[in-house]
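Both ligands and their constituent atoms are indexed starting at 1 by order of listing. What you are looking at is a predicted structure, and each value in this text was computed from that prediction instead of being measured.
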Amino acid sequence: MEELIYRDRRGTNCSKWNHYGNQFQHENLMGLWVADMDFAAAQCVRDALQRHVSFGVFGYDVTPESYYDAFVRWEKTYHNYDVARAWIRYSPGVVAAFNWFIQMMTVPGDAVLIQSPVYYPFANAVRENHRTLVESELVNTNGVYTIDFADFEQKIREHHVKVFLMCSPHNPVGRVWTRQELKRLLDICRENGVFVISDEIHQDFTFAGHVHIPAATVGSYDDMLVTLTAPSKTFNLAGLKNSVIIIPDDTIRKKYDDYVAVLHVASGNSFGVVAAEAAYRGGRAWLGQVLETVYGNYQLLVSSLRDTLPQVVVSPLEGTYLAWLDFGAYLRPEQLPDYIEGRCGLAMDYGAWFGGASACHVRMNLATCRENIAQAAKALADHL
Ligand SMILES: Cc1ncc(COP(=O)(O)O)c(C=O)c1O
């Protein structure tokens, strides 16, 4: 069986461990924030990249059909989504793509809805493109998050929402939306003429029997929905900047093609394509190791905190590799940074960044070695 290789990434230019920018007030923190993994990519990916490097010519290239075949097969095999080759487009990142779709499908001032708390580039994309941010907050019941459908519909009607930017599975609350939940959301969007951007970048991280359902497969929504996904989270390839945009509708696809024609970014760099194809073909066993490790880390975290800090609420990890912890029983929001960074020496994403009633939350990245999670759990217990 392929071994999962943990790498100490300190001193390697990675954002997670080294370059904190102005997000944190301390240095030399354990990197448990940004959503990438501390594991070397699958052997098949490293081999394919080695071959590419050995050949040594990195001129202009075209994306081979075999790349598309590999992705189509992956979606069919693991998500039961029949993606036609012709629907697939490139973007250098999922964040770039949802910004572009906001620009394509709305004009300044138009309302875009998100479900907070949610991955903070969602709100940034709305604000930075000068659209109106509308939030339908998820309902938190002792760490389990659900959708307030009445609020969702009311906000859409009240603000004449044009676009719903959906996160599925949901970062940071760890929900894997059910078919029923997705259908209800999409039917409300259909009735109100709302275009849906479905960010499914975490599609391959599901646990404990939860199954990711691509939004596009729950009904006939092709004329109002695009799906954004990528090998970047699944196979830890974020630095290679290769994402997959699925646009089943001809008119929307034409719009996208016209948009990227002006940007001159219709395809990416060859390393991203080589790595993605190799991963989709041969990376399943490696991903299996990752899933096992992540879930083991989650269980360790839950059991440690249950013993030491029983009032910390850890949301059930249905999907993603990100744990969502509520310290509200112990701390006020303004006390969090000193505790998390100053005393525990940890870099985690603060709940306040994600919007909603999350000021006492932190998000912990579980895609690291067991020792780091054990050390972090101990630090949290020792310093509160
Ligand atoms: C929901 C979600 N979308 C997008 C991204 C990042 O995508 P990319 O690196 O392809 O821009 C992340 C990374 O954490 C994410 O959680």
Where's the contact between Asp199 and ligand 1, heavy-atom distance under 4.0 Å: side chain, backbone, both or neither?
side chain
Could you tell me the residue and atom name of the protein heavy atom closest to atom 7 (O) of ligand 1, and the distance to it rounded to 0.1 Å?
Ile201 CD1, 3.4 Å
Side chains of Gln154 and Arg157: donor-acceptor distance under 3.5 Å anywhere?
no
Give a yes or no answer on whether the side chain of Ser136 reaches the backbone of Gln115 with a donor-acceptor pair at less than 3.5 Å.
no
Ring-face cation contact, Tyr78 with Arg284, 6.0 Å cut, 45° max
yes
Taking only heavy atoms of Ala35 into account, list the atoms of ligand 1 that are under 4.0 Å away from them.
14 (O)
Compute both the distance and the angle, then confirm whether Arg85 meets the cation-pi test with Tyr68: under 6.0 Å from the six-membered ring centre, within 45 degrees of the axis.
yes
Output yes when a protein non-hydrogen atom is found under 4.0 Å of atom 9 (O) of ligand 1, and no otherwise.
no
Is it true that Lys241 lies under 4.0 Å from ligand 1, counting heavy atoms only?
no
Charged tip of Arg184 within 45° of Phe149 ring normal and under 6.0 Å:
yes
A student checking ligand 1 against Gly93 at a 4.0 Å heavy-atom cut-off should list atoms 10 (O), 11 (O)
Under 4.0 Å from a heavy atom of Cys167: give me the atoms of ligand 1 that qualify, with their elements.
1 (C)
Using distance alone, decide if ligand 1 has a nitrogen or oxygen within less than 3.5 Å of any nitrogen or oxygen in Val94.
yes
Over 12 foreign heavy atoms within 6.0 Å of CG, Asp8:
yes
In the protein, what heavy atom is nearest to atom 6 (C) of ligand 1, and what distance, to one decimal place, separates them?
Tyr119 OH, 3.2 Å
Check the surroundings of atom NZ in Lys254: do more than 12 heavy atoms from other residues, nucleotides or ligands lie under 6.0 Å from it?
no
For atom 11 (O) of ligand 1, what's the nearest protein heavy-atom neighbour? Residue, atom name and distance, please.
Val95 N, 3.0 Å
For Asn171, the atoms of ligand 1 under 4.0 Å from one of its heavy atoms are 15 (C), 16 (O)
Looking at Ser243, which atoms of ligand 1 are within less than 4.0 Å of one of its heavy atoms?
10 (O)
On the 0 to 90° scale, with breaks at 30° and 60°, tag the Trp100-Tyr256 ring pair as parallel, tilted or perpendicular.
tilted
